[in-house]
2 protein chains.
Amino acid sequence: MLIQTRRSGSDRSGYAGERGAEAVSGGEKKLNERKKLILKAIVEAYIANGEPVGSKYLTTNKQIACSSATIRNEMAELEEMGYLEQPHTSAGRIPSEAGYRFYVDQLIDRYNLTQSEIDELKTALRQKRSELDAIMQTAAALAAKLTNYTALSVKPRQARITVNRFEIMRLDETTAVLIMLIGGTVKTKYIRSGRPIPPDAAMLLAGALNAKLTGLTADEITMPILMETERIMGEYDFLVSPVVKAVCETISVFDGGELRFEGINKLLSFPDYYDMDRLREMLALFEKKETLLEVLSDETRKDDQVQVFIGRENVVKVMDNSTLVFKTVSQNGRPVGAIGIIGPTRMDYRRVIATIDSLTRSVTDALGSPRDDG
Amino acid sequence: MLIQTRRSGSDRSGYAGERGAEAVSGGEKKLNERKKLILKAIVEAYIANGEPVGSKYLTTNKQIACSSATIRNEMAELEEMGYLEQPHTSAGRIPSEAGYRFYVDQLIDRYNLTQSEIDELKTALRQKRSELDAIMQTAAALAAKLTNYTALSVKPRQARITVNRFEIMRLDETTAVLIMLIGGTVKTKYIRSGRPIPPDAAMLLAGALNAKLTGLTADEITMPILMETERIMGEYDFLVSPVVKAVCETISVFDGGELRFEGINKLLSFPDYYDMDRLREMLALFEKKETLLEVLSDETRKDDQVQVFIGRENVVKVMDNSTLVFKTVSQNGRPVGAIGIIGPTRMDYRRVIATIDSLTRSVTDALGSPRDDG
DNA sequence: GTTAGCACTCAGGAAGCGAAAGTGCTAATC
DNA sequence: GATTAGCACTTTCGCTTCCTGAGTGCTAAC
């Protein structure tokens with residue numbers, strides 16, 4: 001079962017500071033201000049340095065005005081509550097998954113990208129205006145570059161895929177290309193016929209397809225429709241069956257969704273992935289795609305806020321110790337994909353969340369509404 | 001400077017057995033039969049086990065009928081000649097790059113895939129008949145699966161990219177999709193105009209583009225051609241400039257070639273890549289693409305035989321300790337891409353070469369000649 | 001409730017040691 | 001002259017041992 005970040009207000013990013021944390025609903029334990037301060041400091045120090053943080057180190061933090069002994073007591077309690085862990089007795093503490101979760105939900109500060117980063121983002125995206133595939137890939141590349149983690153972009157599995165419009169391009173006597181507009185993307189498919197395809201047959205076919213098959217899913221293309229289309233085609237009815245087959249193939253395959261990665265090598269920057277087995281499993285996951293697509297597609301539509309899945313919250317077993325952060329991208333108010341980051345649980349959440357948030361917002365802007373605008 | 005495998009005959013695969021090895025031309029040193037046997041045994045043992053091989057171990061090889069002391073003497077000479085290396089005094093020997101090269105050029109046995117492997121290959125490819133992009137990707141995935149190394153597929157940088165045919169698909173009042181047939185692939189580009197694009201303008205535009213721009217490279221599209229096209233378009237001349245810009249963008253970008261990888265996680269199966277730095281550099285190389293494309297594209301056309309670049313023979317510095325094996329794929333006798341394997345120098349050359357050879361052959365068959373066949 | 005002090009624990013590095021593997025060389029043998 | 005047996009030598013690798021430093025938990029004092 002996936003646990004989603006809970007939020008109180010309708011704050012734009014959903015990531016407020018400490019305000020309202022006291023009033024949080026439900027099963028979460030209350031933490032006094034000092035505990036929060038300590039937890040926050042531990043998470044941030046651990047994110048920054050990757051080493052367990054000890055009580056002495058925390059005394060250097062100006063905001064925490066008490067001795068190491070006191071901090072030790074608080075830490076012991078935080079550990080008891082499940083927010084901290086100890087790799088071994090004589091090491092400092094590191095955040096548990098629950099600790100990260102609490103941090104992400106309630107302690108994190110709002111972080112803003114610098115103006116130059118935002119500019120980079122906008123100009124990079126402007127160039128590819130509204131080519132959905134290209135724009136998503138560019139966005140993922142940007143996300144990888146800005147965050148230094150591996151980024152992913154996904155076009156979700158769509159329940160109902162239909163072709164908006166057909167076109168036929170004749171190449172020569174017996175060959176033609178079938179062009180299909182599906183949502184914001186164009187798919188093509190070769191058609192080879194044993195018999196000649198005269199120009200008027202191509203025109204007729206395009207017309208027939210547009211008349212009969214637009215707006216239909218693969219399931220809805222039934223025998224009567226086929227026969228009706230063949231009737232329209234008259235003497236060229238032999239073209240209908242192979243072409244419709246090609247159409248069905250396309251809209252079925254397309255259904256699978258597409259998942260791309262950028263910056264895979266960034267994984268290796270983190271000691272968290274120095275374990276070869278973990279790394280291999282991660283890369284295998286990247287190539288299998290189905291599992292990850294499931295996570296992304298199932299959840300994609302729920303929310304237009306940044307989603308954070310920490311460690312074992314992920315259905316995918318492999319992803320212990322890894323966090324997935326993503327947000328959907330919309331066009332005309334409908335989600336058409338998502339962009340995200342995958343990296344170690346010990347991740348710079350502030351930065352990653354801010355980046356993904358801005359990025360998806362910019363992409364959504366850049367995509368605009370390709371049909372409606374003047 | 002790249003060194004290519006030299007071959008003597010016109011043997012189909014270019015990988016003969018020992019025959020004729022004695023008669024090899026030029027600067028290569030002659031090896032007596034026993035040395036060859038020993039070198040071959042060492043290379044194969046090292047490929048199989050990944051550990052330096054010692055003289056004692058080689059006595060278990062039936063073909064080498066002499067004592068360990070004799071073998072030691074021969075090994076010492078082979079080392080002097082540059083075919084073997086010693087990691088440290090008390091270890092066995094491993095092949096040097098020159099050793100691998102000699103092995104690949106002259107000692108390797110012909111290896112054939114099993115019938116079931118060939119069948120898998122054919123059926124997998126048949127399904128995607130002649131969709132160039134899809135077929136190349138499938139082929140790379142197959143190569144990765146069959147060899148257990150990382151595979152790559154590439155559509156080479158083409159010096160002269162031209163559009164064979166244009167088509168315009170009108171979406172609504174102000175939006176259209178420009179469809180370009182380039183070689184065997186179809187590229188699309190959105191066109192948005194501030195002003196309405198009536199249906200007859202779309203038709204007229206397609207006609208004008210086909211008349212004026214087909215067969216031209218980006219460089220060859222000059223001002224006079226633009227003006228002539230605008231003249232043809234009459235009152236719709238405002239469409240010409242943005243559309244031609246889109247065309248140029250496409251054929252320039254396309255020029256870059258495309259490079260895809262399959263089975264990146266396979267890299268991790270080999271202790272050769274347990275060094276994190278090497279691994280990271282390798283992954284970075286995979287993402288940068290340009291460097292690798294250069295190697296592949298430059299050499300791609302030279303030869304229709306399997307090409308093997310061992311270690312430092314590769315221009316790319318990162319690829320010490322790595323070997324690149326690839327072969328071009330042709331359509332209508334013209335190279336349209338290449339499929340290859342990248343992996344540790346200690347690679348199963350027999351198997352990899354055989355696989356790439358069969359695979360590219362099958363792909364070439366599957367691609368057929370899309371314009372000429374009945 | 002907070003702090004100082006102290007005993008305790010544990011990871012990680014350095015040093016030392018012996019076993020195993022494989023070589024190079026010499027002298028004997030075919 | 002080519003081959004082999006034998007032996008001393010070198011080097012890695014795994015193992016144990018020891019030591020240090022960091023950080024804790026607990027107790028007693030403030």
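Given the structure is predicted, the values throughout are model-derived calculations rather than measurements.
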Residue Ala69(B), side-chain atoms from C-beta onward, closest of dT4(D), dG24(C), dG25(D): dT4(D)
For this output row, return yes or no: ring centroids of Tyr100(A) and Tyr83(A) closer than 6.0 angstrom. no
Figure out the CZ/C1' separation between Arg34(B) and dA2(D), and round it to whole Å. 8 Å
Specify whether Phe326(A) and Phe309(A) have parallel, tilted or perpendicular ring planes, treating 30° as the upper limit for parallel and 60° as the lower limit for perpendicular. parallel
Just to confirm, is there a sub-4.0 Å distance from OP1 or OP2 of dG22(C) to any side-chain nitrogen or oxygen of Ser68(B)? no
Selection from dT3(D), dG24(C), dA11(C) that lies nearest to any side-chain heavy atom of Glu79(B): dG24(C)
Side chain of Ser90(A) (C-beta onward), nearest among dT23(C), dG21(D), dT10(D): dG21(D)
Short question: side chain of Arg72(B), backbone of Ser55(B) - any donor-acceptor pair under 3.5 Å? no
Aromatic ring proximity Tyr111(A)/Tyr349(A), centre distance under 6.0 Å: no
Nearest-angstrom distance from the residue atom NZ of Lys56(A) to P of dG5(C): 13 Å
Would you mind reading off the distance between Ile38(B) atom CD1 and dT3(D) atom P, rounded to a whole angstrom? 10 Å
Separation of dT4(D) P from Met75(B) CE (nearest whole Å): 15 Å
Nucleotide dT11(D), atom P - distance to CD of Glu51(B) in whole Å: 20 Å
Value in whole Å for how far the P atom of dG25(D) lies from CD of Glu80(A): 11 Å
What integer distance in Å separates His88(A):NE2 from dA11(C):P? 5 Å
Please tell me which of the listed nucleotides, dG24(C), dT3(C), dG22(C), lies nearest to the side chain of Cys66(A)? dT3(C)
Check whether any side-chain nitrogen or oxygen of Ser67(B) sits under 4.0 Å from OP1 or OP2 of dT4(D), and answer yes or no. yes
Select from Pro87(B) and Ala76(A) the residue whose nearest nucleotide in DNA chain D is closer to the 5' end of that strand. Pro87(B)
Side chain of Arg93(A), base of dG25(D): donor and acceptor closer than 3.5 Å? no
Using the side-chain heavy atoms of Thr89(B), tell me which of these nucleotides is nearest: dA5(D), dT10(D), dT24(D). dT10(D)
Ile71(B) has an atom CD1; how far is it from atom C1' of dT3(D), in whole Å? 12 Å
Nearest-nucleotide 5' precedence on DNA chain D, Gly92(A) against Asn73(A): Gly92(A)
Taking only the side-chain nitrogens and oxygens of Thr70(A), find out if one of them lies under 4.0 Å from OP1 or OP2 of dT3(C). yes
Quick check on dA22(D): is either OP1 or OP2 less than 4.0 Å from any side-chain nitrogen or oxygen of Arg72(A)? no
Sub-4.5 Å side-chain heavy-atom contact between Glu313(B) and Val308(B): no
